[in-house]
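Here's the structure we're looking at; comments come further down.
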Amino acid sequence: MKRIRTQLLPEVYLTCLPAAKFKTDFLSAQFVTPLRLETAGLGALLPAVLERGTRRYPDMQQLTAAEDLLYGANISHSVRKRGESQLWGFVATAIDDAYTPGGERLLEPLTELVGELLCDPCVENGLLRRDYTVSEKTNLIDLIRSTVNDKRTFAGKRLLEEMCRGEAYGVSHLGEEEAVGAITPSILTTYYRRQLAAGRLELYYCGKAEPARVEDAFRQAFEGLRREEVAPISPVPHHRGPSEVRVVQERMDVSQGKLCLGYSVDSVDKDAVLVMDMLFGGTSNSKLFLNVREKLSLCYYASSAYHRSKNFITVSSGIESQNYQKALDEIAHQLNAIQRGEWEDWEFSAAMSSLKNAYKAIFDSASQLEDFYMGQIASGQDREPEEMLRDILTVTPERVVEAAKTVRLDTVYFLTGKEERDNG
Amino acid sequence: MVERNYPRIGERVFEETLPNGLRLRVIEKPHHAKSCAFFVTRYGGMDLRFQLNGQWRDTPAGIAHYLEHKMFDTEDGNALQELAQNGAEPNAFTSNDITAYYFYSTEHFYENLKILLEFVSVPYFTKESVEKEQGIIAQEIRMVEDTPDWQSYTRLMGCLYERSPARVSVAGTVESIREITAETLYDCHRAFYHPGNMVLCVVGNVDAEQVAAIAQEVLPDQCGEPIPRDYGEGEALCPLKKEVRQEMEVSMPQFLAGYKCEPPQSGREHLRLSILGDMVCDILFGDSSPLYSRLYEEGLINNSFGGNFDILPGAAYLYVGGDTNEPKKVHEAVTAEAKRLAEEGIDEDFYQRIRRACYGQMIRGLNSFESIAVSAAEGVFFDYNYYDFPEVFETITKADVEDFLRRNVTEERSAISLIYPKDFA
C-alpha cells in the first residue's frame, strides 16, 4: 500500500491510500488545531452544528435522505484529541462502486457532500443558524456530563486532568460545560471562518479508486476554500513529573472502585518505553494481567497505556475498594520487577509479537490507518507504520531496563464507593 | 470441500463438514495481513436447563461464561500465553446463545490454530483454579453492574420475559457463580464442546484444505449427542411487567424500551426475519426516519438514540433507547409512529431509500472479520447460509415491514426500563 500525499491548497493536504481489499471507500476531512481550554468547546460544537444542514440540504431529514441514496453512506462528525491537537471534522464511508447494484459511482457525490458539510453550511444573516447552535450546545453539554456514566472512562479522564494540570493534554477534546454554555452563533461563526481560512486541513482517502480520480473529487469539493497564512503545528512538549506523588480520591455511589495511576518517564528512548509498557500492562500476557488479575484475583481488568507524544504511562484497573492498598502495592511490585529486568524470555517475545501484530494489522483497517496518520500529523511526525515497527523490533532487554528505571509514579486517582459495601 | 462463490459481494467461501461432525467455513481474504480463526460452540448464557443422559439438569446462571474463562487453563499453564508467545492475539466471548474463542495473527497461523483447537477441546480445571476465578468474575460482574446500559438491558429482559432464560444475565450474579464447581464445568464441557455442536470459521489468507486437515488431526473423532434444551418456550407475547425503574450515578435519565416479537423458524426464515427486523428499525426510528428528525429537532433525543432487532433461542425482540429528559414521551412516540406507519402505510420513496441504505450497510459489514465469522457461525447453527443475504433481502417487501410493525411494535407488546439520576426531580 503506497501512500500518496498531495498539497491541494495552502496547508490543505490529501493523503491517499489505494487499497483494493476493502468493500468501502473511507474518507475523512479534519481540521487539526491546537487543543486549548478556551477553544476546545468551539471545536467540539462546530462539526455538530455543521452536520445539522448545508445550503443544499438545510435540515437533517434532507441530509440523511441524500446519504441513504448513496447506498446508506455514513457521514458523521468527529472530534478527538491527538497529541496536543484537537481534530474536528467529518469521516465518511460508502460502499465501493463495484458493489452498487446499478454500478453507480459514489466517490464523487460522497466527497462533494463532505465538502459541503465543511464549507457550505446553512446560514441565516451570515451566521450559523441560531436554532442549530442552541440545540447542539445542549447536546454537547449533555455529552460532556455523560462522561460520568462510564466509570472507567470517567476515572481515566479525571486522572489526565489531575496529572496534566496546566498542560494542553489535560484538556478534554469535548471542552468544558461552562465555556460551551457561553458560545453564541456569532462567536461560533467567527471561529468557523477563521478555521476555514487558516486552520490546517487534512483530507484522507482509503479505497479502490485511482488516486487521480480521488484527487479530482477532493479538488472539486474544496475548490471554494479561500486560504490565508496558516500557523504550523507546534511540537508536543513531554510531560514533566511533580516532585511528590499526588493522590486524589473521589467518592461516588458505585459497586466497583476504579484505580488509575499515572507515571512520568524521563527516558526519551520511546521505542524502549513502548516495549516496557507492553510487558507491564499492555496485553493479556503482561505482568499486570498475570499478577494483579490472574494470580491475586484482585480485578477483572488491569492494563497500562503509553501516551507516546507526551511520554508518560497510565494504568487503569477496577477493584473492590477495600483492596486499594493491595492493588497499589502489587502494581508497584510489578513495575519494580521490570526495572530489575525480571521477566522470562517468553514475556519479552510476546510483547514484541503483540506490537508486530498491532502495527501490521493497521493496514487491514481504513479507519485505523486514518487515525494513525492523523496522530502522526498532530504530533509533528511523518512516519510509516513499517518504519516505526522496524525501529521497535531493535529494542533490547537492556534498553527496556534502562527506560523502565526512569519511570516514576506521578499521580494516583481513586474513584471509590460512598461507603464500604458489605461483600458477605 | 465445497467452494462457493458470491460474485455480487465479492466473496469466496469453502465449506466442509468433517467426519466428527465439525462444520467448517473458510472465508478467503487474500490481501489482508491478518487472519483469524473463530472456534464457536452453540452454548451460551441461555443454556441453563438441558438434558444430559436422559436427565434434565439445571445449572447456575453464568456457567457458560465461567467455563469460557476456565477453558484457557491447560495442563501446562495457560493457552493465552502460549498463543501470545506464538504471535497471536487471543480472546473469547460468551453471548446468550454461543461461546466463541478466537485469535488474530499475522504469522504462524496454522500453529496458532492448533493451539486454539487443542485448548478448547481439552478441559483442565481443579477445585482451586475454579475457586480462584470467582474473584475475577465477581469483579467483572461488579464492573457491569455500574454500567447503566447493562442495567437497563438486564432489567428490560426481566420485564419482557417470564420463563425464557433471556431474562438471566450471561455472566450470572456474584451469588449464582458461587455454586459453580469443577465437576459441573466438566459436565457442561462434555455436553456442549464436542465437534458436532461446534463451528470453526476462519477468515484470511489461508489454505482451506490445510485448516480442515488440522481440525481433523487435533479434534476428537467422535461427534457427541444432540442436547435437548429448555428455553421456556411458549410464553405469552405480552411482557411480564410493563415498567421498571432504577436510580444510578448518571448525568441524565435514560431508557430502553423493548417490543416482544414472534420468534422465527430456523433456516432461511431466520435470516429473513433478522434482515426484516433491521429494516423495520431503520424505517421506524433510524437516523433518516421522520420520527428521528422530529424528536431530535424537538430536543427530545440526541445522538445516543437508537435501537435494533435481536433474535435469541426461542425469543425475539426489538429495542430502542437513549438518553433523554422525557423517556416515557419518547417511548410513546415510537409506539405511536409504528401504529401510524402500520395504518397509513410507509411512503414509497422513503421505503426505496431505506432499502438502498440497508443494502449498503450489509455490504459495509463485510469489512469486519469478527462480524463475518460470527454471522457465518450463527448461520450454521440456525441452518441458513449467511452469504445468501442479498437474495433474501430482495424477497422483503414494504408490506412485510408494515405487517411486522402492525403485529409486533404495539403498546401491548412493549415494556420500558428506566434509569434516573439520583434525586432526579
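Below, chains carry the letters A, B, ... as their sequence lines are ordered, and counting in each starts from 1. Just so it is clear, the values below take in all heavy atoms, side chains as well, and ignore hydrogens, waters and symmetry mates.
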Using non-hydrogen atoms and a 4.5 Å limit, figure out which bit of [X] sits close to chain B: side chain, backbone, both or neither.
{"X": "A:Asp364", "value": "both"}
{"X": "A:Ala73", "value": "backbone"}
{"X": "A:Phe363", "value": "neither"}
{"X": "A:Tyr301", "value": "side chain"}
{"X": "A:Phe289", "value": "side chain"}
{"X": "A:Leu298", "value": "backbone"}
{"X": "A:Ser284", "value": "both"}
{"X": "A:Glu104", "value": "side chain"}
{"X": "A:Asn74", "value": "both"}
{"X": "A:Lys360", "value": "both"}
{"X": "A:Ile362", "value": "neither"}

message: Quick one: does any side-chain atom of A:Lys21 pair with a main-chain N or O of B:Asn367 as donor and acceptor, under 3.5 Å?
response: no
message: I'd like to know if the side chain of A:Ser297 and the backbone of B:Lys132 have a donor-acceptor N/O pair within less than 3.5 Å.
response: yes
Measuring heavy-atom distances to chain A, does [X] have an atom under 4.5 Å in its side chain, in its backbone, in both, or in neither?
{"X": "B:His108", "result": "neither"}
{"X": "B:Ala88", "result": "backbone"}
{"X": "B:Tyr104", "result": "backbone"}

Give the member of [options] that has the highest number of heavy-atom pairs under 4.5 Å with chain B.
{"options": "A:Phe348, A:Trp346, A:Tyr132", "value": "A:Trp346"}
{"options": "A:Arg152, A:Lys23, A:Arg145", "value": "A:Lys23"}
{"options": "A:Leu70, A:Leu296, A:Leu290", "value": "A:Leu290"}
{"options": "A:Leu63, A:Asn149, A:Thr93", "value": "A:Asn149"}

How many angstroms lie between atom [atom1] of [X] and atom [atom2] of [Y], to the nearest 0.5 angstrom?
{"X": "B:Glu249", "Y": "A:Ser255", "atom1": "CD", "atom2": "OG", "result": "11.5 Å"}
{"X": "B:Met143", "Y": "A:Asp150", "atom1": "CE", "atom2": "CG", "result": "9.0 Å"}
{"X": "A:Glu67", "Y": "B:Asp287", "atom1": "CD", "atom2": "CG", "result": "8.5 Å"}
{"X": "B:Ile9", "Y": "A:Ile95", "atom1": "CD1", "atom2": "CD1", "result": "11.5 Å"}
{"X": "A:Met60", "Y": "B:Tyr292", "atom1": "CE", "atom2": "OH", "result": "5.0 Å"}
{"X": "A:Glu136", "Y": "B:Asn303", "atom1": "CD", "atom2": "CG", "result": "7.0 Å"}

task: Would you please say whether a donor-acceptor pair under 3.5 Å links the side chains of B:Gln139 and A:Tyr300?
output: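 Their side chains do not contain a donor-acceptor pair, so the 3.5 Å distance test is not met.
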Using a 4.5 angstrom heavy-atom cutoff, name the option from [options] with the most pairs to chain A.
{"options": "B:Leu80, B:Thr147, B:Asn302", "result": "B:Leu80"}
{"options": "B:Pro290, B:Pro421, B:Ser368", "result": "B:Pro290"}
{"options": "B:Lys29, B:Glu11, B:Arg294", "result": "B:Glu11"}
{"options": "B:His32, B:Gln85, B:Lys34", "result": "B:His32"}
{"options": "B:Arg364, B:Gln134, B:Gln361", "result": "B:Arg364"}
{"options": "B:Gly360, B:Gly135, B:Ser288", "result": "B:Ser288"}

Candidate pair A:Glu294 and B:Asn78, rule side-chain contact (heavy atoms from CB on, under 4.5 Å), full reasoning: CA-CA 10 Å; A:Glu294 294 289 303; B:Asn78 188 297; 4.1 Å; yes
State, to 0.1 Å, how close [X] and [Y] come at their nearest heavy-atom pair, and which atoms those are.
{"X": "B:Ala84", "Y": "A:Ser353", "value": "O-OG, 3.2 Å"}
{"X": "A:Tyr99", "Y": "B:Arg8", "value": "CD2-O, 3.4 Å"}
{"X": "B:Thr106", "Y": "A:Asn357", "value": "OG1-OD1, 2.6 Å"}
{"X": "B:Tyr359", "Y": "A:Tyr71", "value": "CD2-CD2, 4.4 Å"}
{"X": "A:Ser354", "Y": "B:Glu89", "value": "OG-OE2, 2.9 Å"}
{"X": "B:Glu297", "Y": "A:Asp59", "value": "OE2-CB, 4.2 Å"}

task: Take atom NZ of B:Lys127 as the centre, draw a 6.0 Å sphere, and report whether it contains more than 12 heavy atoms from other residues, nucleotides or ligands.
output: no
- request: Check the pair A:Val148, B:Val250 against side-chain contact (heavy atoms from CB on, under 4.5 Å), reporting the backbone distance first and the verdict last.
  value: CA-CA 6 Å; A:Val148 74; B:Val250 292; 5.8 Å; no
task: Identify the residue among B:Arg356, B:Gln352, B:Arg353, B:Arg355 that makes a side chain to side chain donor-acceptor pair (under 3.5 Å) with A:Asp68.
output: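 Going through B:Arg356, B:Gln352, B:Arg353, B:Arg355 one by one, the side chain to side chain donor-acceptor pair (under 3.5 Å) with A:Asp68 is satisfied by B:Arg353 alone.
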query: Do A:Glu347 and B:Gln81 have side chains that get closer than 4.5 Å, going by heavy atoms?
result: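 The answer is no; the side chains never approach within 4.5 Å.
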